[in-house]
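Report on the following structure.
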Amino acid sequence: MAYEDAIAGLSKLLSVKADLEGVAAARINQITAELERAGSDGFDPVEKLKSGFVHFKTEKFEKDVDLYGQLAKGQSPKFMVFACSDSRVCPSHILNFQPGEAFVVRNIANMVPPFDTTKYSGVGAAIEYAVLHLKVENIVVIGHSCCGGIKGLMSIPDDGTTASDFIENWVKICAPAKTKVKSACGDLSFAEQCTSLEKEAVNVSLANLLTYPFVREAVVNNKLALKGGYYDFVNGGFQLWDLDFNITTNMIV
């Protein structure tokens with residue numbers, strides 16, 4: 001619905017329901033004002049999507065017809081990437097992945113839950129497809145700076161009470177990382193603990209990957225490598241480490 005239609009509908013409601021209580025009427029007037037402001041900022045979401053696709057088609061698709069012709073026949077990515085849903089940390093943009101190079105799963109705080117055939121089955125299905133059908137050779141879990149999901153995990157009270165329907169129960173997947181950070185870094189500030197947890201949570205996700213039988217088998221047979229990564233978008237840095245759980249990076253850019 002366009003904002004003009006919403007405003008018209010609200011105005012009609014006000015005229016018909018003249019006996020609305022003052023508080024309700026004031027709230028509707030507030031919403032109307034917010035809609036007017038939103039409509040006056042010049043942002044057109046449909047135009048944004050259209051122009052974005054036109055740019056893609058002319059600058060990428062039509063300039064690399066052979067690539068997209070090959071992709072039409074199938075995909076064989078070398079990487080599976082777990083990344084955060086945060087709009088600032090698109091892995092294809094950061095690591096310059098081209099179409100067909102990375103099978104990507106994005107969620108809150110780039111977490112991998114342990115193997116469970118009934119819980120978090122969407123993640124399990126993605127891992128199963130990537131490892132058994134696409135035969136990816138690398139799984140990379142990438143954390144990042146200023147992660148809201150990690151901050152949320154650090155903020156959960158010790159009694160475990162939650163204030164949301166989904167978020168806190170999801171980020172508790174990496175609760176063992178929080179316990180480790182609070183024990184080892186208790187003298188650090190909250191922000192510094194969050195930074196440590198952003199990396200330590202990656203290691204918990206790497207360990208959780210090994211609870212999937214087909215992942216474990218592929219790793220043992222040297223057909224699959226697991227790596228942790230960390231993107232610092234504040235300073236423009238990237239770290240990568242192997243499955244050793246020590247944050248001893250073997251690559252810093």
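We use all heavy atoms of the structure for the numbers below, so side chains are in, but hydrogens, waters and symmetry mates are not.
Without hydrogens or angle criteria, T211 side chain to A207 main chain gives no donor-acceptor distance under 3.5 Å. Although no hydrogens or angles enter the test, the distance criterion places a donor-acceptor pair under 3.5 Å between the side chain of Q98 and the main chain of N96. With R106 contributing its side chain and V81 its backbone, the two residues share no donor-acceptor pair below 3.5 Å.
Residue pairs that meet the side chain to side chain donor-acceptor pair (under 3.5 Å) test with at least one member in residues 72-84, sequence neighbours left out, are K78-E137. Sequence neighbours left out, the pairs with a member in residues 156-173 that pass side chain to side chain donor-acceptor pair (under 3.5 Å) are D158-K182, D159-T161, S164-E168.
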For residues 118-135, which side-chain donor-acceptor pairs fall under 3.5 Å, sequence neighbours excluded?
residue: T118; atom: OG1; partner: D116; partner atom: OD1; Å: 2.9
residue: K135; atom: NZ; partner: L132; partner atom: O; Å: 3.1

Sequence neighbours excluded and cut-off under 3.5 Å, please list the side-chain donor-acceptor pairs for residues 53-62, or say none.
residue: T58; atom: OG1; partner: V54; partner atom: O; Å: 2.9
residue: T58; atom: OG1; partner: H55; partner atom: O; Å: 3.3
residue: E59; atom: OE1; partner: K63; partner atom: NZ; Å: 2.9

List, one per line, each side-chain donor-acceptor pair under 3.5 Å for residues 140-154, sequence neighbours excluded.
residue: S145; atom: OG; partner: F233; partner atom: N; Å: 3.1

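Taking the ring centroids of Y212 and F115, they lie under the 6.0 Å cut-off.
No more than 12 heavy atoms of other residues, nucleotides or ligands shown are found within 6.0 angstrom of CZ on F166.
With sequence neighbours excluded, no residue forms a ring pair (Phe, Tyr, Trp, His ring centres under 6.0 Å) with Y230.
Side-chain contact check for N138 versus M80: every heavy-atom pair is 4.5 Å or farther apart. Residues K180 and V204 fail the side-chain proximity criterion, which asks for heavy atoms closer than 4.5 Å.
The same ILVMFWY cluster, assembled from side-chain heavy atoms under 4.5 Å apart, contains both V234 and Y231.
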